[in-house]
Amino acid sequence: MIVSGTVTLKMAPVVKRIYDQMPEPKWVISMGACSSVGGPFNTYAVLQGVDRIVPVDVYVIGCPAASGEFVLRAAQAAGQD
């Protein structure tokens with residue numbers, strides 16, 4: 001699952017349900033600052049990091065994340081260092 005963008009508290013149960021319904025192997029890639037740490041939105045309605053509801057395997061840095069960085073991290077998640 002690729003999480004790219006802000007996750008609100010209203011959407012957190014939906015993201016968790018999607019993760020629970022995923023078949024094995026379950027890989028989660030958090031793409032960008034908004035999904036990793038909430039970005040600049042430090043409010044009551046924004047989840048401050050998707051790793052609070054699902055385990056994240058790979059973090060892709062940047063805002064927005066560069067496509068080359070995404071490909072590198074996706075290969076890392078698949079175990080093809």
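As a basis for the values below, the full set of heavy atoms in this structure was taken, side chains included, without hydrogen atoms, waters or symmetry mates.
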Name the atoms and distances for all side-chain donor-acceptor pairs under 3.5 Å in residues 23-35, with sequence neighbours left out.
residue, atom, partner, partner atom, Å
K26, NZ, Y19, O, 3.3
S30, OG, S35, OG, 2.9
S30, OG, S36, N, 3.4
S30, OG, S36, OG, 3.0
S35, OG, V3, O, 3.1
S35, OG, M31, N, 3.2
S35, OG, M31, O, 3.2

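- Hydrophobic clustering, with ILVMFWY side chains joined whenever heavy atoms are under 4.5 angstrom apart, groups V14 together with V54.
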Worked check of side-chain contact (heavy atoms from CB on, under 4.5 Å) between V46 and V7: CA-CA 6 Å; V46 174; V7 178; over 6 Å; no

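- Between I53 and K16, the closest heavy-atom pair is O-CD, 3.4 Å.
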Full working for side-chain contact (heavy atoms from CB on, under 4.5 Å) between M11 and L47: CA-CA 9 Å; M11 286 302 297; L47 185 68; over 6 Å; no

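- Annotation: side-chain hydrogen bond (donor to acceptor under 3.5 Å, both in side chains) contacts of D51 (sequence neighbours excluded): Y59.
- I18 and M1 get closest at one heavy-atom pair: CG2-SD, 4.0 Å.
- For the atom pair R52 CZ and L9 CG, the distance stands at 9.5 Å (nearest 0.5 Å).
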